[in-house]
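Heads up, the thing below is written out as structure tokens.
Naming: A, B, ... by sequence-line order, numbering from 1 per chain.
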Protein chains: 2
Amino acid sequence: MPQEFRCDCPFTSALDILGDKWMLVIVKQMLLEGKETFKDFTESDEAIATNILSTKLKLLEELGIIVKTQRPNNKKTNLYLLTDKGLALTPILVELATWSDKYLRDIHPTIVNGEGVQLLRHDKSAFAGMMLHKYREKLDKVM
Amino acid sequence: MPQEFRCDCPFTSALDILGDKWMLVIVKQMLLEGKETFKDFTESDEAIATNILSTKLKLLEELGIIVKTQRPNNKKTNLYLLTDKGLALTPILVELATWSDKYLRDIHPTIVNGEGVQLLRHDKSAFAGMMLHKYREKLDKVM
DNA sequence: TCAAATCGCTTGCAAATCGCAAGTTATTCA
DNA sequence: TGAATAACTTGCGATTTGCAAGCGATTTGA
């Protein structure tokens, strides 16, 4: 199924792809929580259903945001890894979390407030840089 | 209906609210295209259905992202205006469009590429600053 | 070596959401 | 005062979401 776009606006077009409850959550889980196998995703807090996970992973792959690979000696477990196109979503994630941190705590007081959030609040680009660095290191090891 | 959150992750919580096809499109139309009445929204390219528009405006208002007002001498037309909480979504919009500009053109070649996009590409924060400045000027006039 | 466990899905079905078209109410304009 | 306009609301069919169960391929362990 070829991706449909509502119009030629760059803002809206991004939302045609990313504007749902799961796409960016999956990217976040890969980038920040080190998830890489189908099972990893199903075991998370956020508990995405397997049929939806399957659909979204397929879509993310079609779009070139992730790639599907295997480890050399394991035919059973698939690995899903972020491409550059996927890693380029980091600034969006950072801005989403920044907004949450500042404006959502009053209606959702249990939002986490640990080390990561402190760094994010204090130095956004350091946070982004660190996440990207860590992920690229992991890619080196895996591939 | 009180907003539900899947978990305590700031990234995911932002998406619980903003993660759909319309919420950020409406904010974009207000910030960048000067839309402020119900009719304005229904007349756009993106053609949101009136029932959905109605629901989303209500939700945005509940969340404090917009406020609903009237002009002094007109009881018919409602004005929807961005609050500070809503204006704080600007960086998210900017990052979404930046990503589109860089990574979506190959699968969606007709994405606009005018003056605005040029500025966005060349100087993101100038673009954001300009949009915010323009919107605040308008607020001064209206209120 | 073969039975059990694990992984990565797919399928069926029910519930929720989306979205078009038409209708309703209140306000303003001529 | 009658027509036009703005802002919705309602009905209903189509699509999407999400739970539960199942299934085939691979791997592990006795």
Length of the line joining [X]:[atom1] and [N]:[atom2], which is rounded to integer Å:
{"X": "Leu79(B)", "N": "dA6(D)", "atom1": "CG", "atom2": "C1'", "value": "12 Å"}
{"X": "Ile52(B)", "N": "dT17(C)", "atom1": "CD1", "atom2": "C1'", "value": "8 Å"}
{"X": "Asn78(A)", "N": "dT6(C)", "atom1": "CG", "atom2": "C1'", "value": "13 Å"}
{"X": "Met23(B)", "N": "dC18(C)", "atom1": "CE", "atom2": "P", "value": "11 Å"}
{"X": "Asp40(A)", "N": "dG8(C)", "atom1": "CG", "atom2": "C1'", "value": "12 Å"}
{"X": "Lys21(A)", "N": "dT17(D)", "atom1": "NZ", "atom2": "C1'", "value": "11 Å"}
{"X": "Leu53(A)", "N": "dT16(D)", "atom1": "CG", "atom2": "P", "value": "18 Å"}
{"X": "Glu43(A)", "N": "dC9(C)", "atom1": "CD", "atom2": "P", "value": "15 Å"}

Taking 4.0 Å as the cut-off, does a side-chain nitrogen or oxygen of [X] come that near to OP1 or OP2 on [N]?
{"X": "Asn74(B)", "N": "dT27(C)", "result": "no"}
{"X": "Lys58(B)", "N": "dT9(D)", "result": "yes"}
{"X": "Ser54(B)", "N": "dT9(D)", "result": "yes"}
{"X": "Lys75(A)", "N": "dT28(D)", "result": "no"}

*Nearest to the side chain of Ala49(A) - dC9(C), dC19(D), dC18(C)?*
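Of dC9(C), dC19(D), dC18(C), dC19(D) is nearest to the side chain of Ala49(A).
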*Which of the following nucleotides, dA21(C), dG19(C), dA20(D), is nearest to the side chain of Trp22(B)?*
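My answer, after comparing the listed nucleotides, is dG19(C).
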*Any luck finding a side-chain donor-acceptor pair between Lys35(A) and Ser44(A) under 3.5 Å?*
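No, Ser44(A) and Lys35(A) have no side-chain donor paired with an acceptor closer than 3.5 Å.
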Point-to-point distance, once rounded to the nearest 0.5 Å, from [atom1] of [X] to [atom2] of [Y]:
{"X": "Leu18(B)", "Y": "Asp16(B)", "atom1": "CG", "atom2": "CG", "value": "9.5 Å"}
{"X": "Thr77(B)", "Y": "Phe38(B)", "atom1": "OG1", "atom2": "CZ", "value": "12.0 Å"}
{"X": "Leu87(B)", "Y": "Tyr135(B)", "atom1": "CG", "atom2": "OH", "value": "6.5 Å"}

_Over all strands shown, is Thr42(B) touching base, sugar-phosphate only, or nothing at heavy-atom distances under 4.0 angstrom?_
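Touches nothing.
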*If you find the nucleotide of DNA chain D closest to Asp20(A) and the one closest to Thr50(A), which residue's nucleotide is nearer the 5' end?*
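Its nucleotide being nearer the 5' end, the pick is Asp20(A).
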*Take atom CD in Glu43(A); do more than 12 heavy atoms of anything else shown fall under 6.0 Å from it?*
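Yes, because the 6.0 Å sphere around CD of Glu43(A) holds more than 12 heavy atoms from other groups.
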_Is the positively charged end of Arg105(A) above the ring of Trp99(A), judged by distance under 6.0 angstrom from the centroid and angle within 45° of the axis?_
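Output no; distance or angle outside limits.
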*asked:* Assess the residue pair Lys76(A) and Gln70(A) against the criterion (side chain to side chain contact (heavy atoms under 4.5 Å, CB included)); give the C-alpha distance rounded to whole Å, side-chain angles, the decisive distance to 0.1 Å, and a yes or no.
replied: CA-CA 8 Å; Lys76(A) 189 173 160 187; Gln70(A) 312 232 121; over 6 Å; no
Nucleotides 23-26 of chain C: which of its N/O atoms have a protein N/O under 3.5 Å away?
none

*asked:* With nearest nucleotide decided by heavy atoms, which residue, Asn51(A) or Thr77(A), maps closer to the 5′ end of DNA chain C?
replied: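 By nearest-heavy-atom nucleotide position, the 5'-most residue is Thr77(A).
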